[in-house]
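Working notes, structure below.
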Amino acid sequence: MIKISEEKCTGCGCCVNLCPDEALNLNEKDFMVVDDSLCTECKVCARACPMRAITVK
Ligand code: SF4
Ligand code: SF4
């Protein structure tokens, strides 16, 4: 399961297009949220995030 830090995420959107499973979306507050039912924990988003806001457990 991945975790996205609301404090660190700037809503830049870098991770959204990189996710091969379309599991990431910005919510109404421009904060990134993950759909756990789609995420395969590939870690592509975590490696790409410039803020290191995404961690994979
Ligand atoms: S790349 Fe990082 S900072 Fe940018 S929207 Fe995604 S989680 Fe937030
Ligand atoms: S770990 Fe992979 S599948 Fe899950 S949200 Fe990030 S890029 Fe998408």
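First listed ligand is number 1; within each ligand, the first listed atom is number 1. For the numbers below, each heavy atom of this structure counts, side chains included, while hydrogens, waters and symmetry mates do not.
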Partners passing salt bridge (Lys or Arg N to Asp or Glu O under 4.0 Å) against Glu6 (at least two apart in sequence or in another chain):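 Lys29.
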
In Å, rounded to the nearest 0.5 Å, how long is the span from [atom1] of [X] to [atom2] of [Y]?
{"X": "Lys8", "Y": "Phe31", "atom1": "NZ", "atom2": "CZ", "result": "12.0 Å"}
{"X": "Asn27", "Y": "Cys9", "atom1": "CG", "atom2": "SG", "result": "8.5 Å"}
{"X": "Ile2", "Y": "Asp36", "atom1": "CD1", "atom2": "CG", "result": "7.5 Å"}

Using distance only, find each side-chain donor-acceptor pair of residues 39-55 under 3.5 Å and give its atom names and separation, not counting sequence neighbours.
from	atom 1	to	atom 2	distance (Å)
Thr40	OG1	Asp21	OD2	3.2
Glu41	OE2	Met1	N	2.0

Near atom 8 (Fe) of ligand 1, protein N/O/S count under 2.8 Å comes to 1

Tell me, do [X] and [Y] make a side-chain contact under 4.5 Å, heavy atoms counted?
{"X": "Val16", "Y": "Met32", "result": "yes"}
{"X": "Leu18", "Y": "Leu24", "result": "no"}
{"X": "Asn25", "Y": "Leu38", "result": "no"}

Under 2.8 Å from atom 4 (Fe) of ligand 2, how many protein N, O or S atoms can be found?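 Protein heteroatoms (N, O, S) closer than 2.8 Å to atom 4 (Fe) of ligand 2 number 1.
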
Out of all atoms in ligand 1, which are within 4.0 Å of some heavy atom of Pro50? Include the element for each.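 Ligand 1 atoms under the 4.0 Å threshold to Pro50: 1 (S).
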
According to a hydrophobic-cluster definition based on side-chain heavy atoms being under 4.5 Å apart (Ile, Leu, Val, Met, Phe, Trp, Tyr only), do Val56 and Val33 belong together?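 Hydrophobic grouping puts Val56 with Val33.
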
